[in-house]
Amino acid sequence: MIKIYNTQTRNKVDFEAIDRGKVGMYVCGPTVYNYIHIGNARTFISFDIIRRYLTWRGFKVTFVQNVTDVDDKIIKKAHEENRSAAEVAAEYTEAFIADMRAAGVLDPDIRPKATEEIPEMIDLVSQLIEGGHAYEVEGDVYFAVRSFPEYGKLSGRKIDEMESGHRDLRASGLEDRKRDPLDFAVWKAAKPGEPSWESPWGAGRPGWHIECSAMSRKYLGLPFDIHGGGADLVFPHHENEVAQSEAACGCTFANYWIHGGMLQINSEKMSKSLGNFLLLRDVLETTQPEVLRMLMLQTHYRSPLDFSDERLVESEAALSRLANTVKNLEWLENNAADIPSSLDIRALIEQTQTARNEFIVVMDDDFNTAGALGVVFAFVGEVNAALADKTLSLSDVPAVYQVRSVLVELMGVFGISLEGDQAEAEYPREVVALANELAGYPGANEAQAVAMLLDCREQARKNKEWALADKVRDGLAALDLVIEDTPQGPRI
RNA sequence: GGCGACGUGGCCAAGCGGUAAGGCAGGGGCCUGCAAAGCCCUCACCCCCAGUUCGAAUCUGGGCGUCGCCUCCA
């Protein structure tokens with residue numbers, strides 16, 4: 001049974017899907033007025049992993065993520081750059097999709113754009129007005145917070161306390177138009193030069209919160225299973241979504257609310273105003289997406305995560321530990337004929353199954369990726385210990401395959417691919433010349449050249465010709481090919 | 001001011017009542033011609049003080065500290 005920490009109830013609860021075996025999931029996407037930053041990426045990668053895990057556990061997941069492509073910030077940016085809001089939105093929508101793919105985040109099943117769902121939003125606003133939950137003032141429509149007694153239930157606030165404790169509710173100048181200072185816009189009358197759509201209240205555009213209410217309702221129906229987003233969206237965005245959606249339909253909006261913790265840089269909040277934010281695309285410029293994921297996996301998705309170059313380096317080292325073991329296993333499979341067989345691998349198989357089961361237990365507990373990673377690494381340690389024992393060798397190729405495939409499978413759930421067996425294609429051309437020089441024959445192709453070089457070195461070592469042996473090793477190293485002498489033989 | 005989260009080894013981090021996973025870094029050893037990779041061993045008074053309990057990192061109260069939300073924010 002999968003347990004999920006539900007923001008609304010503030011505790012971990014058993015996950016029960018509305019439709020057995022299916023999960024409807026909505027995660028708030030970005031407002032496309034800039035390239036997404038590393039904090040956005042943290043949230044989206046977290047939900048990518050949750051989605052992958054649920055899928056792996058057998059659920060048919062319908063994953064919906066919107067793009068907010070009409071909004072104050074987009075309009076502002078457009079004005080600054082003297083072009084249309086649509087242009088700005090289109091550019092950054094495209095960039096967002098590209099960045100997500102570069103980060104290894106799976107495409108959502110449905111990616112609605114706010115500007116393409118306006119009729120649904122107008123419908124929803126109309127419903128709210130009819131139901132007495134919203135009112136129009138000169139082309140603006142506001143949600144009446146007082147009409148929804150449960151307002152505040154998601155974020156754990158009480159209306160009265162909010163009003164008395166609020167800093168400067170009357171500062172914006174618009175407050176006199178509202179019946180209550182806490183009321184928020186669900187439809188905004190168009191101002192000159194702004195994108196707008198016709199509506200019963202005149203030309204205007206939707207408020208931010210109504211967009212997600214309308215899109216999630218349209219594509220998933222109400223109620224749906226999981227609504228996610230960054231923790232900073234709990235209030236007011238998600239609170240308002242709940243109010244709108246539930247006031248309109250009279251039913252529950254989403255059963256489980258999942259919120260991802262914030263990413264910080266050097267223990268400081270990353271924000272535009274502080275100017276310390278990193279763009280995802282800039283990070284990916286110098287960092288493998290798997291390394292970034294590895295870093296994020298090591299912290300629980302709800303905890304704050306401190307991002308730093310040091311952690312990136314650590315994560316890379318950790319990842320290569322896993323990759324190395326997989327590479328060794330792969331090599332063993334491909335060279336099984338040369339391996340003296342005496343290993344009773346049953347223990348390893350048992351450990352493999354145990355590790356896989358344990359992985360599930362840990363992940364079922366609110367997607368504890370850090371704990372699950374611990375399981376994987378502990379298992380890798382066991383595998384390495386077996387491989388390091390020279391009295392053992394791997395006689396049972398299917399068993400080795402099983403060990404490796406489980407390793408690959410489990411990390412695959414995290415979106416990290418450990419299969420790098422395009423080695424043949426990756427050998428640089430220079431190895432041919434090197435083989436010709438050192439082994440006296442270029443070989444038929446790169447792979448053969450490498451094989452000859454390894455063989456040449458082994459011969460040299462046998463004859464204690466260390467100079468030649470090291471020449472081969474250094475020559476390969478210069479081409480970024482590192483020889484590893486395993487107990488079962490050398491490999492690249 | 002209101003609401004909330006967190007404080008575990010040098011760094012990161014899991015843990016949710018039975019005497020501390022894992023990663024990175026460090027020390028010692030093994031393997032190796034030397035390396036690399038790997039293996040073995042080693043490195044924690046769980047922020048402080050009280051309390052509950054046979055037993056607490058884990059529960060309760062208090063203190064100190066860090067951070068987040070309350071305004072656009074993933």
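So you know, we letter chains A, B, ... as the sequences are listed, proteins then strands, and number each from 1.
- Among C70(B), G4(B), A74(B), the nucleotide with an atom closest to any side-chain atom of T31(A) is A74(B).
- When distances run from any side-chain atom of R311(A) to the nucleotides C69(B), A13(B), C24(B), the shortest one goes to A13(B).
- The residue A370(A) sits close to a base: some heavy atom pair falls under 4.0 Å.
- Ion pair E194(A)/K188(A) not flagged as a salt bridge, since none of the NZ, NE, NH1 or NH2 atoms sits closer than 4.0 Å to an Asp/Glu carboxylate oxygen.
- Straight-line distance from the CZ atom of R51(A) to the P atom of A74(B): 20 Å, rounded to whole Å.
- No salt bridge links D470(A) with R461(A); every basic N to acidic carboxylate O contact stays at or beyond 4.0 Å.
- S46(A) comes within 4.0 angstrom of no nucleic acid atom, judged by non-hydrogen atoms across all strands.
- The NE2-C1' distance, from H238(A) to G68(B), rounds to 15 Å in whole Å.
- Rounded to whole Å, the separation between the P atoms of C64(B) and A57(B) comes to 24 Å.
- Look at C31(B): it lacks any Watson-Crick or wobble partner with both distances under 3.5 angstrom.
- Using modelled atom types and a 3.5 Å distance limit, the side chains of S213(A) and E241(A) yield no donor-acceptor pair.
- Residue ring and nucleobase are stacked for W466(A) and G33(B), with a centre distance beneath 5.5 angstrom and an angle between planes beneath 30°.
- For the P atoms, the distance linking C67(B) with G28(B) amounts to 38 Å, nearest Å.
- Between G9(B) and C47(B), the distance separating the two P atoms is 8 Å to the nearest Å.
- For the P atoms, the distance linking G7(B) with G15(B) amounts to 10 Å, nearest Å.
- If you check A50(B) for Watson-Crick or wobble pairing at under 3.5 angstrom, you find it paired to U60(B).
- Base pairing analysis places C45(B) opposite nothing; no Watson-Crick or G-U wobble pair with both distances below 3.5 Å involves it.
- The side chain of S303(A) contributes an N or O atom lying less than 4.0 Å from OP1 or OP2 of A14(B).
- Base pairing of A21(B): no nucleotide in any strand meets the Watson-Crick or G-U wobble criterion (both distances under 3.5 Å).
- When distances are taken from the side chain of R321(A) to each of G23(B), A74(B), G33(B), the shortest belongs to G23(B).
- With a cut-off of 3.5 Å on both Watson-Crick or G-U wobble distances, the partner of U66(B) is given as A5(B).
- Using a 4.0 Å heavy-atom distance criterion, R42(A) is classed as making no nucleic acid contact.
- The side chain of A469(A) sits closest to G33(B) out of G33(B), G23(B), C70(B).
- Across all strands shown, R302(A) has no heavy atoms under 4.0 Å from either base or sugar-phosphate atoms.
- Using modelled atom types, one finds no donor on one side chain facing an acceptor on the other under 3.5 Å when comparing E290(A) with S417(A).
- With F235(A) as the aromatic partner, R157(A) meets the cation-pi criteria of under 6.0 angstrom to the ring centre and within 45 degrees of the ring axis.
- Rounded to whole Å, atom P of G15(B) lies 12 Å from atom CD of E358(A).
- Along RNA chain B, the nucleotide closest to A467(A) and the one closest to G156(A) are compared, and the more 5′ of them pairs with G156(A).
- For A74(B), the base has a donor-acceptor partner in the side chain of H37(A) [N/O atoms by modelled type, under 3.5 angstrom].
- Contact annotation for G230(A): backbone-only contact, meaning every heavy-atom pair under 4.0 Å involves sugar-phosphate atoms and none involves a base.
- Across all strands, N328(A) comes closer than 4.0 Å to no nucleic acid atom at all (heavy-atom distances).
- Salt bridge R179(A)/D183(A): absent, no basic N to carboxylate O contact under 4.0 Å.
- Nucleotides C59(B) and U42(B) have their P atoms positioned 30 Å apart, rounded to a whole Å.
- Separating the P atom of C70(B) from that of G62(B) is a span of 27 Å, rounded to the nearest Å.
- Comparing A21(B) with C46(B), their C1' atoms sit 14 Å apart, to the nearest whole Å.
- Distance from the side chain of N40(A) is smallest for A74(B) among the nucleotides A74(B), C24(B), A13(B).
- Toward the 5' end of RNA chain B, the nearer of the two residues G374(A) and A41(A), judged by each one's closest nucleotide, is G374(A).
- What separates CG of L305(A) from P of A14(B) is a distance of 10 Å, to the nearest Å.
- Contacts of N368(A) with the nucleic acid, taken as non-hydrogen atoms under 4.0 Å apart, involve only primed sugar atoms and P, OP1 or OP2.
- For R473(A), the side-chain atoms get nearest to G33(B) when compared with the rest of A13(B), A36(B), G33(B).
- The residue L295(A) sits apart from the nucleic acid: no heavy atom pair falls under 4.0 Å.
- At the heavy-atom level, G229(A) lies under 4.0 Å from the strands shown only through sugar-phosphate atoms.
- For the pair D306(A) CG and U8(B) P, the interatomic distance rounds to 13 Å; values are reported in whole Å.
- Only the P atoms considered, G38(B) is 11 Å distant from G23(B), to the nearest whole Å.
- Look at D71(A) and K76(A) and you find no salt bridge, because none of the NZ, NE, NH1 or NH2 atoms lies under 4.0 Å from a carboxylate O.
- Put simply, CG on N384(A) is 15 Å from C1' on C30(B), counting in whole angstrom units.
- The backbone N or O of W257(A) sits less than 3.5 Å from a side-chain atom of T7(A), completing a donor-acceptor pair.
- Among the nucleotides C34(B), C16(B), G23(B), the one closest to the side chain of K12(A) is C16(B).
- Within 4.0 Å of K73(A), counting heavy atoms only, lie sugar-phosphate atoms of the nucleic acid but no base atom.
- To the nearest angstrom, C1' of G23(B) lies 9 Å from CG of L322(A).
- The distance between atom CZ of F307(A) and atom P of A74(B), rounded to the nearest whole Å, is 18 Å.
- A donor N or O paired with an acceptor N or O is not found under 3.5 Å between the base of A35(B) and the side-chain atoms of D470(A).
- If you check every strand for non-hydrogen atoms under 4.0 Å, H300(A) touches sugar and phosphate atoms only.
- Not a single donor-acceptor pair, N or O on each side, falls under 3.5 Å between the base of G23(B) and the side chain of Q298(A).
- Checked against side-chain hydrogen bond (donor to acceptor under 3.5 Å, both in side chains), T115(A) has the following partners two or more places apart in sequence or in another chain: D69(A).
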